[in-house]
Amino acid sequence: MNVYFDREGLVDSREFYEDKELPYALFSSISSVYPFVKFEEELAEINDYCLFLLCQLEEKLKTLIRDSDVPFKLIRGYRRKEEAAAEDMEELFDPAYMFSPVVTWEKLSRNINKCTLLLLVLSYLESSLNEIAKWFCEERSVPLGRKERGDDEITFYLGRIGQCCECSLVKTLEDELAYIREVRKIRNQFVHRAWSQVEKHYDKFRLCDVFRAVSVIFAETEKAACGAGLIEESELFGRTDK
């Protein structure tokens, strides 16, 4: 029976300092100003944490497969349910396979773990944008306000940040925000409804693409802050109020 596992395209953050083609890019601060330099470091740490968990899960599956009484084959990548071969479906209902810990851990790594890591990355983005929005609104002496009913936090914070920078970050980041909205739906369904409803969506996003979108959001936000003069050269080594 085939068992599928995917590392979500993630690579160790140290590889971004080497001259090679990678499936995505992590945010790299152009100003080295706090808190943007902090976001660069923390996002890299979260990336490496996610990769570490995925590698550990892969090793767990390899161990279970090696010790299994029935044969399994580990395959890198995803398999859609409709693409399952007839013989695989027969094996799936064989008790020897059905109750194997290999099948249990494959499902855990594919669905629950992946959505848990998505939750981590999106929560970090929302928290970071909240920090930036509060800072910029304080600098501009304008109230942060509250988001309208039905709006999401990320779009709300970017709207306020863009207002302080006298630009439309929501428009600039239109593609990234559209992607983030789609994966947020999966995140919200996972948190508020039922894990079983998320299963059909697990192959609709890859974590490397989530990190790419988050990194672009940070980069465009920092660029807007530099252009608006919100980041002063005297702040190069950190804000004094921290």
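Hydrogens, waters and symmetry mates are skipped; everything else that's a heavy atom, side chains included, is used.
Between the CZ atom of R187 and the CD atom of E182 there is a distance of 13.5 Å, given to the nearest 0.5 Å. Rounding to the nearest 0.5 Å gives a distance of 4.5 Å between CG of D48 and CG of D12. Rounded to the nearest 0.5 angstrom, E45 CD and C50 SG are separated by 12.0 Å. For the atom pair SG of C165 and CD of E220, the computed distance is 11.0 Å after rounding to the nearest 0.5 Å. L57 CG to F5 CZ: the interatomic distance, rounded to the nearest 0.5 Å, is 5.0 Å. The distance from atom OG1 of T63 to atom CH2 of W105, rounded to the nearest 0.5 Å, is 10.5 Å.
Between S100 and S68, the closest heavy-atom pair is OG-OG, 4.5 Å. Nearest heavy atom pair, residue L51 against residue V11, reads CD2-C, 3.5 Å. G162 approaches L169 most closely through the heavy-atom pair N-CD1, 3.9 Å. Closest of all the heavy-atom pairs between R140 and C164 is NE-O, 2.9 Å. The nearest pair of heavy atoms linking C167 to A224 is SG-CB, 3.8 Å.
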For side-chain contact (heavy atoms from CB on, under 4.5 Å), just list the numbers for F39 and I132, CA-CA rounded to whole Å, side-chain angles, deciding distance to a tenth of an Å, and then say yes or no. CA-CA 11 Å; F39 299 145; I132 297 172; 3.4 Å; yes
Any chance you could lay out the side-chain contact (heavy atoms from CB on, under 4.5 Å) test for N130 and E153, step after step, and finish with the verdict? CA-CA 8 Å; N130 173 269; E153 289 86 352; over 6 Å; no
Under the side-chain contact (heavy atoms from CB on, under 4.5 Å) rule, what do L64 and K60 come out as? Steps first, then yes or no, please. CA-CA 6 Å; L64 292 172; K60 175 71 173 181; 4.0 Å; yes
Please step through salt bridge (Lys or Arg N to Asp or Glu O under 4.0 Å) for the pair R212 and E176, ending with a clear verdict. CA-CA 9 Å; R212 179 191 295 115; E176 288 72 25; over 6 Å; no
Go through K38 and S128 one step at a time and tell me if the side-chain contact (heavy atoms from CB on, under 4.5 Å) criterion holds. CA-CA 10 Å; K38 178 190 72 169; S128 301; over 6 Å; no
Quick one, D209 with R206, criterion salt bridge (Lys or Arg N to Asp or Glu O under 4.0 Å). Give me CA distance, side-chain angles, the key distance, then yes/no. CA-CA 5 Å; D209 293 327; R206 300 188 82 199; 5.8 Å; no
Start with the C-alpha gap between F16 and F27, add the side-chain angles, then the distance that decides, and say whether ring-ring contact (aromatic ring centres under 6.0 Å, His included) holds. CA-CA 10 Å; F16 291 98; F27 169 61; over 10 Å; no
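Of the possible donor and acceptor atoms, none in the side chain of R76 sits under 3.5 Å from a partner among the backbone N and O of D6. In terms of modelled atom types and a separation under 3.5 Å, the side chain of E139 and the main chain of L230 share no donor-acceptor contact. In this structure, S168 contributes its side chain and K171 its backbone to a donor-acceptor pair below 3.5 Å. R160 places a side-chain N or O within donor-acceptor distance of the main-chain N or O of L144, the cut-off being under 3.5 Å. Judged by distance alone, with hydrogens and angles left aside, the side-chain atoms of E222 form a donor-acceptor pair with the main-chain N or O of S31 at under 3.5 Å. Side-chain atoms of E40 come within 3.5 Å of backbone N or O of S29 as a donor-acceptor pair. Judged purely by atom type and a 3.5 angstrom limit, Y157 has no side-chain atom pairing as donor or acceptor with the backbone of S127.
Summarising the local packing, CD of Q56 is surrounded by more than 12 heavy atoms from other residues, nucleotides or ligands at distances under 6.0 Å. Around the NZ atom of K223, the shell of radius 6.0 Å holds no more than 12 heavy atoms that belong to other residues, nucleotides or ligands.
At a threshold of 4.5 Å between side-chain heavy atoms, the hydrophobic network of Ile, Leu, Val, Met, Phe, Trp and Tyr places Y124 and Y49 in one connected group. Note: the hydrophobic cluster containing V191 also contains I180 (ILVMFWY, side chain heavy atoms under 4.5 Å, direct or indirect links). In this structure, I217 is not a member of the same hydrophobic cluster as I30, with clusters built from ILVMFWY side-chain heavy atoms closer than 4.5 Å. Note on V37: it does not cluster hydrophobically with F218, by side-chain heavy-atom contacts below 4.5 Å among ILVMFWY residues. Residues V216 and L125 are members of one and the same hydrophobic cluster, defined by side-chain heavy-atom contacts under 4.5 angstrom among Ile, Leu, Val, Met, Phe, Trp and Tyr.
In the model, S13 has no side-chain atom that pairs as donor or acceptor with a side-chain atom of N47 under 3.5 Å. With hydrogens and angles left out, the side-chain atoms of D152 and T155 include a donor and acceptor closer than 3.5 Å.
Between V183 and V121, every side-chain heavy-atom pair lies at or beyond the 4.5 Å cut-off. Side chains of R7 and L10 form no contact here, defined as non-hydrogen atoms less than 4.5 Å apart. Contact check for N113 versus L108: no side-chain heavy atoms found under the 4.5 Å cut-off. For the pair F72/L61, no side-chain contact is recorded, criterion being any heavy-atom separation below 4.5 Å from C-beta on. Residues R184 and I154 are in side-chain contact: their nearest non-hydrogen atoms beyond the backbone lie under 4.5 Å apart. Side-chain contact between K114 and E8 is present, with heavy atoms from C-beta onward closer than 4.5 Å. Residues F190 and T116 are in side-chain contact: their nearest non-hydrogen atoms beyond the backbone lie under 4.5 Å apart. A heavy-atom distance below 4.5 Å is found between the side chains of F205 and I186.
Taking the six-membered ring where the residue is Trp, W135 and F36 present tilted rings, their angle falling between 30° and 60°.
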